[in-house]
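Here's the structure, in structure tokens; my notes come after.
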Amino acid sequence: MFFAAVLPQFVERDHGHVPLQMTVFGLVFAVIALFFDSVWGLAASTARAWFAGSPAASPRSAAPAAS
């Protein structure tokens, strides 16, 4: 629905091949989304590793387990 609402304003009918232009715009969007989602995933992984190595995250500072 997003592509049908937003992308047509960027299509140049004079250049022809409107379906091809829409396909290219959709693929560019998907590649950009994949790249930035990957960056977010790597950043979250790095942050998790950093927080896991933090002294505040040591088992001694955790609440005792209920028995």
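Between the CG atom of Leu27 and the CG atom of Leu34 there is a distance of 12.0 Å, given to the nearest 0.5 Å. Arg13 CZ to Gln21 CD: the interatomic distance, rounded to the nearest 0.5 Å, is 10.0 Å. Atoms CZ and CG, from Phe25 and Leu20 in turn, are 10.0 Å apart once rounded to the nearest 0.5 Å.
Ile32 and Phe35 fall within a single hydrophobic cluster, where Ile, Leu, Val, Met, Phe, Trp and Tyr side chains are chained together by heavy-atom contacts under 4.5 Å. Cluster annotation: Val31 and Phe36 are assigned to distinct hydrophobic clusters (Ile/Leu/Val/Met/Phe/Trp/Tyr, side-chain heavy-atom contacts under 4.5 Å, transitive). Hydrophobic clustering (side-chain heavy atoms under 4.5 Å, transitive across Ile, Leu, Val, Met, Phe, Trp, Tyr) keeps Trp40 apart from Phe29. Under the 4.5 Å side-chain heavy-atom criterion for grouping Ile, Leu, Val, Met, Phe, Trp and Tyr, Val18 is connected to Val6 within one hydrophobic cluster.
When atom types are taken as modelled, the side chain of Thr23 and the backbone of Pro19 share a donor-acceptor pair closer than 3.5 angstrom.
Closest approach of Val11 to Met22, counting heavy atoms only: CG2-SD, 3.5 Å.
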